[in-house]
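Structure, as structure tokens:
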Number of protein chains: 2
Amino acid sequence: MTENLTLQMDDYLPLRDVVFNTLREAILKGELKPGERLMEMHLATKLGVSRTPIREAIRMLEHEGLAVTIPRKGAQVAKMTEKDLQDVLEVRDALDALAVVCACRRMTDAQFVELKEAMKAFEDATRTEDVRKIVETDEAFHDVIYASAENPKLVNIINSAREQMYRYRYEYVKNPSVYSQLIAEHKQIIEGFDRRDEEFLKGIMHVHLTNQINAVREVIREQK
Amino acid sequence: MTENLTLQMDDYLPLRDVVFNTLREAILKGELKPGERLMEMHLATKLGVSRTPIREAIRMLEHEGLAVTIPRKGAQVAKMTEKDLQDVLEVRDALDALAVVCACRRMTDAQFVELKEAMKAFEDATRTEDVRKIVETDEAFHDVIYASAENPKLVNIINSAREQMYRYRYEYVKNPSVYSQLIAEHKQIIEGFDRRDEEFLKGIMHVHLTNQINAVREVIREQK
DNA sequence: AACGATTAGATTGTATTTATTTTAATACAA
DNA sequence: TTGTATTAAAATAAATACAATCTAATCGTT
């Protein structure tokens, strides 16, 4: 019996996607800074591919809001003004409210368990002082909520809104004094889901989000 | 005095954008139907360009939600299921509510005049039986509202949500019996802005949107 | 006739080449 | 020194060429 027929090993990804993911990560982590030029030839040689997949990846970054292209001049990492941040937050606020209401109605027991676990993971991470891990577990916590909303279109849009500010948020999370507040808010969110209290949850999410505004705004202001 | 220094004639557009606009229009108007394959070579010869700008345009359509690519198999016009429609509407509902509240607070007098003019143009269009014109003037009416919200990020996201359902909505607008209702709703919207009544506006927009659901749902159901 | 292997053609993925445009560097004139 | 032309270099835009993969038709076998 020919066992282990687990072929179909779809580890294939078009180079454009590999490049896209690489550049996206680099931008979000701040390795590529806002305003920095994305020169095709340079990136191509650096990543060891031709310019074609680079160009396609740039088109994707562009529509993700992470890059801006000026025809015949090239692309650069998108800059955000304070106004941009304000605008994105306004949108995220509305979408988070929707997500949390949907999630409140649709969250399964298994997902609620998952959420509590994610909460725990985040709490643990804050004790490690590993910023990267803290950011990731925080995102994971919110991912559980978004997934529970059972609305992939919503998740897509929220994610693209998140991305636009996450590269500024890294700085925010570097400050350990905010951990306790974040943990407290996460706990309240759990409590809200436990009680299935939509209005309460909307309020908490709003606070949770707006708390980040000023910190991120600082970062943007500095880097001007 | 050298007058008429209106050079700067930026009538240049990269081919990728020309192709993108062309394909986008074709999809929204139903010339390219959901599920239809987007073969690079075919499109390239048809539009008289090489495959490079076609590929870039497809990447853009993809992130706009109008096309779906399967690696090594190619792209096709995105299909929408009833669930997808439901999901998009849920999002649009939330974003429209946000837009209308922002617009209510920020709309200038000039913009309010513009809105009333757009209303008039729509009313005129419904008498022409020219479906294309009707759709356009209806969109223009809503564009005024969205622009008044003074939040470009929000406008972007709403537009991409609109696009995803607009290609199904054409059918809805073909039915003249809905015109009077649409006109009535538009009038109420104007009234809402006149009174600056946020809650009223949110309600109207919600009704205005959900009225389209069933019609669009019909269309999707049929075409299966 | 039904099924599977083989192969030809079509299609996408990637790289390379060519053309156009912009940037900047240099030279010249005011 | 400043401003304008001119030229050279570098970058993007688009087209073409090549490679890898998939699809579907064909053929042979059962």
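Throughout, protein chains are lettered first and strands after them, A, B, ... in sequence-line order, and every chain is numbered starting at 1.
With hydrogens and angles left out, the side chain of A/Arg51 and the base of D/dA13 share a donor-acceptor pair within 3.5 Å.
Side-chain N or O atoms of B/Gln164 include none that pairs as donor or acceptor with a backbone N or O of B/Ala161 at under 3.5 Å.
Atom CD of A/Glu56 is separated from atom P of D/dA14 by 14 Å (rounded to the nearest Å). Distance CE (A/Met39) to P (C/dT23): 13 Å, rounded to an integer number of Å. At whole-Å resolution of the value, CE in B/Met41 and P in D/dA17 are 10 Å apart. Atom pair B/Arg55:CZ and D/dA13:P shows a separation of 16 Å (rounding to whole Å applied). In this structure, CG of B/Leu15 is placed 12 Å from P of C/dT21, rounded to the nearest angstrom. We find that CD of B/Glu40 is positioned 16 Å from P of D/dA14, with the value rounded to whole Å. Regarding B/Ile54, its CD1 atom lies at a distance of 11 Å from the P atom of D/dA14, rounded to whole Å. For the pair A/Leu13 CG and C/dT12 C1', the interatomic distance rounds to 15 Å; values are reported in whole Å.
At a threshold of 4.0 angstrom between heavy atoms, the contacts of A/Arg16 are confined to the sugar-phosphate backbone, with no base atom among them. Counting any heavy atom pair closer than 4.0 Å across all strands shown, A/Ile58 reaches no nucleic acid atom.
Residues satisfying the side-chain hydrogen bond (donor to acceptor under 3.5 Å, both in side chains) criterion with B/Arg167, sequence neighbours excluded, are absent altogether.
Relative to the six-membered ring of B/Tyr166, B/Arg169 meets both conditions, a distance below 6.0 Å and an angle of at most 45° to the axis.
Using modelled atom types and a 3.5 Å distance limit, the side chains of B/Asp96 and B/Tyr146 yield a donor-acceptor pair.
Aromatic ring pairs are classed by plane angle as parallel below 30°, tilted from 30° to 60° and perpendicular above 60°; the pair A/His186 and A/Phe122 is tilted.
Base pairing analysis places D/dA19 opposite C/dT12; the two distances defining the Watson-Crick or G-U wobble pair are each below 3.5 Å.
Side-chain proximity of A/Ser50 to C/dT17, D/dA15, C/dA15: nearest is C/dA15.
At a non-hydrogen distance threshold of 4.0 Å, A/Pro71, A/Arg72, A/Lys73, A/Gly74 from residues 67-75 of chain A come into contact with DNA chain D.
Each of B/Arg37 and B/Thr52 was matched to the nucleotide of DNA chain C holding its nearest heavy atom; the match closer to the 5' end belongs to B/Arg37.
Separating the CZ atom in B/Arg92 from the NZ atom in A/Lys153 is a distance of 13.5 Å, to the nearest 0.5 Å.
The residues B/Arg59 and A/Asp17 are annotated as not salt-bridged, no charged nitrogen and carboxylate oxygen being separated by less than 4.0 angstrom.
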